[in-house]
Amino acid sequence: MDAFRQKYVEEARDFLVELEKGLLELERKPDNRGVVEQIFRIMHTLKGNSAMFGFDLIDELTHQLETIYDLIRSEQLKVSKSILDLTLHAVDHVGKLLEDPDGADSILMGRHQEILKAIRAVTGEGQPDEAKISSQGSGPASPRAGNATWYIHFHPGSGVLKNGTNPLYLVEDFQELGSFLVIPDLKGIPALEEMDPELSYCGWEIILSTDQDEDAINELFIFVEDDCSIDVQELAPIDLLSQEGFTDKARNILNDGKGEHLQALRKEVEKCFSTPKEEAASDKATQTKASVSSGTQKKNTISSIRVSSEKLDELMNLVSELVTNQASLTLVSEKSQLPEIISIAENMEKITRQLRESTFDICLIPLDTITTRFHRLVRDLSGELDKEVEFFTDGTDTELDKNMIEGLADPLMHIIRNSMDHGIESREIRESMGKAPMGKIRLSSFYSGMNVYIRVNDDGAGIDPEKLRRKAIERNLITEDTQLSRKEIYDLILLPGFSTAGKVTDVSGRGVGMDVVKRKIEDLRGSVEIESELGKGSTITIKLPLTLSIIDGLLVTLDKTYFVIQLAVVDKIYDVATSMLGVSHNRLIPLSGDMIPYVDLREDLNMEGEPPPTTKVIVVRYNDLQVGLCVDEIVGEYQAVLKPLTRLFRKQELISGATILGDGTVALVLDTNKIIDQVSARESVIAYTE
Amino acid sequence: MAKNILIVDDSESIREVVSFTLQNEGHNVLVGNDGVDAQRHLTGDSIDLIITDLHMPEMDGIEFIRFVRKTNEYRTIPILFLTTESQTAKKLEAKEAGATGWIIKPFVPAKLISAINKVMR
């Protein structure tokens, strides 16, 4: 049962997230019946499960909450802010109760009582839990002293088979209560040609001797009592069936077909007290029925399962190792020149790639999973700051590596908190500027190339670049005569020790600046960019790589050293005579009619040795920019398992990691985006000077 | 005798408890997350009993019961639904739709088995 309780807790947490989401949506659209239904349904399920798994406090609370939403559902109560506030509090409280199901913490219990009281005030329910007194069927049927004998008339409605009920099972169940005599009543059965096999025509009369009471007998009919004619009468407070002769007489009475059997039986009972006789009740009603066929094929399909994230991490690790080993195998097989081995290695490679891709896919989860807490944050802060703000999401079905999603939550919270606090102006200011009184914050996400972009955009005050500049000078981050582009000025915000808030507020000024956001995003191999227009709003864009650990790369060599370039950014590869490279002083090279800027990696990376007569120029693309990278040789495609470089190499920007080749050699992974950034910066300088 | 039993519930923990109990009794268990999902099991193969929740997203229990009753192969198989004590109106609605009986939540395994034995042998 403990394993089930664990599952219950995990599931309950999901329910709470869904509830929160639903409640916030209801706040936006108080008239949406669908949302109310959904909230009610989740509460109902949560309540049922809580009772099932012994979480009584949660059961109690959700039962009360459910009442509120039942009243809203039936339009006896209107959705109001206070109800939503109360429900959200209660939902948070349930979250805490999941950790402390028995209410060991007295402060928590105090809150529990407060919330219950508040809910009852809403529902107008004075007495707690009156609906919860269990009266299912009857408890375990209580045996009474000695046997009694009962007459039972049971005639199912003709449609009983259509409900899947088999009345014979009911009749058989009397065996469990005691000894019994059954006589079928077949009078209603029509001629064969008039018979509808899906209708029931038969009835039964039963004499039962049992030590159980009437409730226990009625319990047997619980599913059918509404559509059947049932009559249960006590004949005598003793076991008549064990009396000699009674069974025969009773059988005769019931078989005579005259009706009025009960009266006849009662008369017989009176006589019976003087002339007992015994016979075993052995009659069994037989009747054809729509038979339920049974099969025995094993089928046990489940559409989804829950897996702990450690298991996924381990799977991911193993796949990474497999990819590395696969590379060794390929290498060895090529050396061996044995066709069988080569073909096995090729197959293995194909399977490994598929395995890698499916594993990645498993580890991806949509951004949606964390957006609810942003909705909640905006809602709560709106109240705290007295600002009206609407929060939109866009493209949050975009999927990211689960580790990334976890790492993103805090930075995004911080950015949104900043937008709420410093971005969106107060209602008065907004109105005086001719803006809509309600501010807007939008979270959007999309894929582009090998990256995922996440953008937070507000329509608030924007950031004043001049103010930023002055502040940076004040803090000795730049000097008076430093020339900065607009983008560079905004990047100042991301520097450690830079805080833009005029005053430190409760909300965002917690001593944690945007530099922490930047660092956290960089830990995920991503980058942060800020754009803003004064008076119109700000946009903060986070760019992240799709996966954290394995990339499809192009393996190249430069002076016998191996490098890996991300395959996704590679556009074309050209053969160029090395003598061509030295010619152009502005580092542009004509390729297919375009002048393309290039980077001579041999030079930039300080490689020694003579270049070969022909250089390979790999054209990589990033946004609309094209840049050629010059290398000596192309080895081929390669799946690289990324390993981070040590801290010592953090300062350099050209290499983002390393990977181990099949033969154990280390290859360095080039960060092409950074290289392109550097080149484009250089290009713009060239553009200025020309 | 092993029976094929279909369990339809949007709550995974309930599905698991019910499955576990029934599998212990030696039955084969099929599961569906809601009415729509459960339909993939209604392919004409033998199903001896359906146990369904009433409140579910997509297709709720009542609709699902109606759907099953309209499917030729399953018109007369027993269907039990899961409900709570307080829901008398729902109970009637489900019976109306063609349900055979019900199981009141919360339940202990013995209760579940006894309810099943009422409608299936």
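Atom set for the values below is all heavy atoms of this structure, side chains included, hydrogens, waters and symmetry mates excluded.
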Check your understanding: Is it the side chain or the backbone of A:Thr165 that comes within 4.5 Å of chain B heavy atoms, both, or neither?
Key -> both
Interface residue of largest heavy-atom contact number with chain A, from [options], under 4.5 Å:
options                              : result
B:Leu92, B:Asp10, B:Asp53            : B:Asp10
B:Ala97, B:Ser19, B:Gly98            : B:Gly98
B:Ser13, B:Gly101, B:Ala99, B:Pro106 : B:Ser13

Exercise for review: Taking only Lys NZ, Arg NE, NH1 and NH2, and the carboxylate oxygens of Asp or Glu, determine whether A:Glu66 and A:Arg73 approach each other closer than 4.0 Å.
Suggested key: no
Check your understanding: Can a salt bridge be assigned to the pair A:Lys21 and A:Glu25 using a cut-off of 4.0 Å between side-chain N and carboxylate O?
Key -> no
Point to revise | Donor + acceptor pair across side chains of A:Gln64, A:Thr123 (<3.5 Å) | key: no
**Study point:** Exercise: do A:Thr372 and A:Glu20 side chains pair donor with acceptor under 3.5 Å
**Key:** no
Given a strict heavy-atom distance threshold of 4.5 Å, which part of [X] is in contact with chain A: side chain, backbone, both, or neither?
X        : value
B:Phe107 : both
B:Arg75  : both
B:Leu80  : side chain
B:Ile50  : neither

Exercise for review: Work out which heavy atom in A:Met43 is nearest to a heavy atom in A:Leu19; give both atom names and the distance.
Suggested key: CG-CD2, 4.0 Å
Point to revise | A:Arg5 side-chain N/O to A:Phe53 backbone N/O, donor-acceptor pair under 3.5 Å | key: yes
Exercise for review: Among A:Glu37, A:Arg41, A:Glu198, single out the residue with the greatest number of heavy-atom pairs under 4.5 Å to chain B.
Suggested key: A:Arg41
Practice item. Show your reasoning for whether side chain to side chain contact (heavy atoms under 4.5 Å, CB included) applies to B:Phe64 and B:Leu42. Key: CA-CA 11 Å; B:Phe64 179 64; B:Leu42 305 178; 4.0 Å; yes
